[in-house]
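Following: one structure in structure tokens, then a few remarks.
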Amino acid sequence: MADPSPPANLIHVFWHEGMLNHDAGHGVFDTGMDPGFLDVLDKHPENSDRIKNMVSILKRGPISSYISWHLGRPALVPELLSFHTPEYINELVEADRDGGRMVCLGTFLNPGSWDASLLAAGTTLSAMKHILDGHGKVAYALVRPPGHHAQPAQADGYCFLNNAGLAVKLALDSGCAKVAVIDIDVHYGNGTAEGFYQSEKVLTISLHMNHGSWGPSHPQNGSVDELGEGDGIGYNLNIPLPNGTGDKGYEYAMTELVVPAVQKFEPDLIVLVIGQDSSAFDPNGRQCLTMDGYREIGRMVRGLADKHGDGRLLIVQEGGYHITYSAYCLHATLEGVLNLGLPLLSDPVAYYPEDVASAIKVIEAIQQYQKAAVPFPKGA
């Protein structure tokens, strides 16, 4: 039986320490390469330290009293088939049995990685089910490896299983008519978009650095003309933003593009896909968001969730590779989701230059393109 009145201003965090066992190794940044002439190699950007700090800031930071902790669990292989093809899942299982391998550029499935991936997927499914069963309005899947680049039939960009995509499928299969996905990771959420590219039931929105395709594992460009196909035409909204967009530029994009699209779509539930690699100091991004920017995005998405879907909001962790600042930006995002009056934490590094003027020009150009080219919503 569902709780009669779950607390409205509490975030249910789903986590399992077994996800720390994924180790992508060392090398020159994310290549795994050892040229032989460097004394010190990088930890792979997607390493356990980044997540350890996210866990600790939620447990010991000032937001801790707003957090309810829940233990995650591994997904079952049949659950994965709601989003992924059997052939692809078999490929991953075989790679794990063989001791692991690089499945695509920068993406290493090593001993322990498959078990961690199953935990990430299952933990995200548990977070979504918590919401669907009425036990809480807002849940956060604090998971790794990340998932939003994983397409139905291939791995990509540090991702093996599409955690958010699996959760969206669960929501649809459980009776939700429409789900909106808002992805603020610095890279295009291409895997999630690909999984629902022909569906009018899922509105996928991605605000990302204008990076284009990076090879066979990531054929999508993330450009404005990738609109969806068939019944899904108009239900994929890409917002490629110039480097240095910053807090005000993201707020403008949210106000002018994201909010109107979600309001027209009228979803039953919202999934916020977060990556702190859009921050000012991330080694994988150049978007110059600070804690204030993340806090405002969290606040705006919470407002959309309160208006559409009775406040139900699933948050899914993706990138964010600055070991300390990513944790601060996560804290700020969740402060915004809680819609607290005053910040609980000050920014330890504060201001970073932002290119608002360039961002506004791009956003206005996207607006004009959307008005001319996007048949969304149908019948409007």
Side-chain angles (χ1 to χ4, degrees), residues 148 164 180-189 192-193 203-211 222-224 236-263 270-305 313 315-322 325-340 343 345 347 349-370:
H148 72 148
V181 180
I182 303 171
D183 188 329
I184 63 168
D185 186 279
V186 81
H187 305 108
Y188 176 33
T192 314
L203 172 64
T204 50
I205 303 173
S206 179
L207 300 92
H208 50 266
M209 182 171 63
N210 191 11
H211 52 67
S223 53
V224 295
N236 187 61
L237 172 57
N238 290 339
I239 307 174
L241 296 169
N243 291 351
T245 289
D247 295 346
K248 296 300 181 184
Y250 267 77
E251 182 179 349
Y252 190 74
M254 291 289 298
T255 300
E256 298 297 320
L257 293 171
V258 177
V259 171
V262 173
Q263 288 178 338
I270 293 177
V271 177
L272 174 61
V273 179
I274 59 172
Q276 295 80 27
D277 44 7
S278 301
S279 82
F281 304 100
D282 199 274
N284 258 9
R286 305 289 181 270
Q287 293 306 77
C288 299
L289 275 176
T290 70
M291 289 178 69
D292 283 345
Y294 280 103
R295 194 177 286 112
E296 182 61 17
I297 291 171
R299 186 192 66 79
M300 295 179 79
V301 173
R302 178 62 182 271
L304 286 170
L313 173 64
I315 306 165
V316 183
Q317 181 62 44
E318 296 291 347
Y321 305 105
H322 192 289
Y325 197 55
S326 291
Y328 278 86
C329 291
L330 166 64
H331 196 285
T333 305
L334 298 186
E335 287 180 45
V337 168
L338 289 166
N339 205 22
L340 304 178
L345 269 181
D347 197 315
V349 288
Y351 178 75
Y352 196 87
E354 55 188 3
D355 190 354
V356 180
S358 294
I360 289 175
K361 289 180 181 178
V362 170
I363 292 162
E364 289 177 346
I366 295 173
Q367 274 185 305
Q368 293 304 312
Y369 180 84
Q370 291 287 319

Of all the heavy-atom pairs spanning Y294 and S279, show the shortest one and how long it is. OH-N, 3.2 Å
To check you understand the geometry: which heavy-atom pair defines the closest contact between C288 and G244, and what is its length? SG-CA, 3.7 Å
Evaluate side chain to side chain contact (heavy atoms under 4.5 Å, CB included) for I363 paired with L241, printing each intermediate quantity in order. CA-CA 8 Å; I363 292 162; L241 296 169; 3.9 Å; yes
Exercise: do D183 and Y188 side chains pair donor with acceptor under 3.5 Å: no
Closer than 3.5 angstrom, by distance alone: can the side chain of H331 be matched with the main-chain N or O of L345 as a donor-acceptor pair? no
Identified side-chain contact (heavy atoms from CB on, under 4.5 Å) partner of L207 from the options I239, I297, N238: I239
Any side-chain to backbone donor/acceptor pair from D282 onto Y321? Under 3.5 Å, distance only. yes
Spell out, as yes or no, whether a donor-acceptor pair under 3.5 Å connects the side chain of Q317 to the backbone of G319. yes
Tell me which donor-acceptor pairs under 3.5 Å the side chains of residues 250-258 have, and how far apart each pair is, sequence neighbours excluded?
unit_1	atom_1	unit_2	atom_2	d
Y252	OH	E364	OE2	3.1
T255	OG1	E251	O	2.9
E256	OE1	Q367	NE2	3.0

Look up atom CG in L330 and atom CE in M291, then write down how far apart they are to the nearest 0.5 Å. 9.5 Å
Return the CD to CG distance between E354 and L289, rounded to the nearest 0.5 Å. 8.5 Å
Is the backbone of T192 close enough, under 3.5 Å, to the side chain of T204 for a donor and an acceptor to pair up by distance? no
Ignoring hydrogens and geometry, is there a side-chain-to-backbone donor-acceptor pair from N210 to P240 under 3.5 Å? no
D347 versus D292: any side-chain heavy-atom pair under 4.5 Å? no
For A359 versus G249, what's the shortest heavy-atom pair and its separation? CB-CA, 4.1 Å
Take Q287 and N243, measure what side chain to side chain contact (heavy atoms under 4.5 Å, CB included) needs, and give me the verdict at the end. CA-CA 5 Å; Q287 293 306 77; N243 291 351; 3.6 Å; yes
Please find the pair of heavy atoms, one from V186 and one from N284, that lie closest to each other, and give the distance. CG1-O, 3.8 Å
Minimal non-hydrogen separation, L304 against Q263, with atom names: CD2-CG, 4.2 Å
Could you pull out all residues at least two apart from N339 that satisfy side-chain contact (heavy atoms from CB on, under 4.5 Å)? R299
Ring-plane angle category for Y325 and H322, please: parallel below 30°, perpendicular beyond 60°, tilted otherwise. perpendicular
Can you find a heavy atom in the side chain of I315 that is under 4.5 Å from one in the side chain of L334? yes
Rounded at 0.5 Å granularity, tell me how far CD1 in I182 sits from OG in S206. 11.0 Å
According to side-chain contact (heavy atoms from CB on, under 4.5 Å), who are the partners of D355, at least two apart in sequence or on a separate chain? A357, S358
Evaluation steps, side chain to side chain contact (heavy atoms under 4.5 Å, CB included), between D247 and E296: CA-CA 8 Å; D247 295 346; E296 182 61 17; over 6 Å; no
Test side chain to side chain contact (heavy atoms under 4.5 Å, CB included) on V349 and T290 and set out the steps. CA-CA 9 Å; V349 288; T290 70; over 6 Å; no
Tell me the closest heavy-atom pair linking E318 and D185, and the distance in Å. CB-OD2, 3.5 Å
Taking the side chain as every heavy atom from C-beta outward, state whether P343 and R295 have any pair of such atoms under 4.5 Å apart. yes
